[in-house]
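The next block holds one structure in the form of structure tokens; read it before the comments.
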Amino acid sequence: RNIYTDFKRHDLGSAFHEREYDGSIQREFLTAPLWGVGSTPPYGHDGRSINLMEVILRHGGEAASERNAFAKLSRKEQDQVIAFLNSLVLFPPDDTASNLDPGDPAHPGFPQYGHGSIRLTALFNNPLRIE
């Protein structure tokens, strides 16, 4: 659910093709899930696209019609698509706890205030067992 991939290999056009060490050209790549795409730049299997707009417009081959449909959208509509993609983050920074400076979780200004917590200590470190 909400993984946004078909788990298939596609030829995305020459802008994505790669020459292998043996001289052959790799033309097909597995569709990467879009979950987390908002927190994973650079983009493309090769990391050659610095932002989402660039990687979308770089598509060709089997994805040319989708790229062309995106390119025909108004700038506002394109921005809305990019905003949606940027919302697909794995761990939003303001919701991810840090053990570097734990702060006061009971304070209303604490970033995770009201979000609960996950205690993994029992899985990874038993404070009763001296190592």
Side-chain angles (χ1 to χ4, degrees):
R1 184 170 180 229
N2 297 334
I3 193 168
Y4 305 106
T5 184
D6 62 2
F7 293 111
K8 295 180 182 178
R9 294 187 180 276
H10 298 278
D11 183 341
L12 302 176
S14 60
F16 282 92
H17 293 172
E18 282 188 344
R19 183 173 303 280
E20 300 291 347
Y21 291 109
D22 64 0
S24 64
I25 303 291
Q26 182 173 348
R27 290 178 168 79
E28 291 186 340
F29 297 91
L30 186 67
T31 303
L34 289 181
W35 62 355
V37 73
S39 54
T40 58
Y43 300 100
H45 66 279
D46 51 12
R48 287 189 288 174
S49 295
I50 196 71
N51 59 48
L52 291 166
M53 179 77 73
E54 185 177 303
V55 76
I56 291 169
L57 295 175
R58 192 173 134 204
H59 280 72
E62 294 177 45
S65 61
E66 288 78 6
R67 186 235 13 243
N68 293 342
F70 177 81
K72 289 179 185 176
L73 294 174
S74 70
R75 181 60 189 213
K76 181 180 178 182
E77 291 168 321
Q78 289 177 350
D79 289 344
Q80 289 172 332
V81 171
I82 298 297
F84 168 73
L85 293 172
N86 278 320
S87 76
L88 300 176
V89 294
L90 293 177
F91 300 104
D94 61 345
D95 244 4
T96 305
S98 170
N99 61 3
L100 299 176
D101 180 11
D104 178 7
H107 188 273
F110 189 71
Q112 293 82 25
Y113 182 77
H115 290 268
S117 64
I118 299 172
R119 294 191 174 270
L120 301 177
T121 306
L123 294 175
F124 299 106
N125 183 20
N126 183 345
L128 301 175
R129 192 173 95 205
I130 299 174
E131 296 180 16

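All of these numbers come straight from a predicted model, not from anything done at the bench.
- Remark: Arg9 CZ to Phe29 CZ distance equals 9.0 Å, nearest 0.5 Å.
- Contact between Pro42 and Gly47 at its shortest, heavy atoms only, is CB-O, 3.4 Å.
- Cluster membership for Leu30 and Leu12, using ILVMFWY side-chain heavy atoms within less than 4.5 angstrom, is not shared.
- Contact annotation: the side chain of Ile3 approaches that of Trp35 to within less than 4.5 Å [non-hydrogen atoms, C-beta and beyond].
- Using a 4.5 Å cut-off on side-chain heavy atoms (C-beta onward), Ile82 and Ile56 make contact.
- Summarising the geometry, atom CD belonging to Gln26 is positioned 5.0 Å from atom CD belonging to Glu20; distances are rounded to the nearest 0.5 Å.
- Proximity of a side-chain donor or acceptor of Thr31 to a complementary backbone N or O of Thr5 within less than 3.5 Å is not detected.
- Of the possible donor and acceptor atoms, one in the side chain of Glu77 sits under 3.5 Å from a partner among the backbone N and O of Ser74.
- Proximity of Phe16 to Val55: side-chain heavy atoms (C-beta onward) are separated by under 4.5 Å at one or more points.
- Sparse packing is recorded around CD1 of Ile50, with 12 or fewer heavy atoms of other residues, nucleotides or ligands lying under 6.0 Å away.
- In this structure, Lys72 NZ and Arg67 CZ are separated by 10.5 Å, a value rounded to the nearest 0.5 Å.
- Considering only residues two or more places apart in sequence or on other chains, Asp46 meets the salt bridge (charged side-chain N to carboxylate O under 4.0 Å, His left out) condition with Arg48, Arg58.
- Minimum heavy-atom separation, Phe70 to Met53: CE2-SD, 3.4 Å.
- Listed here is the closest heavy atom pair of Ile25 and His17: CG2-CB, 3.9 Å.
- Side-chain heavy atoms closer than 4.5 Å link hydrophobic residues (I, L, V, M, F, W, Y) into clusters, and following such links, possibly through other members, connects Leu52 to Tyr4.
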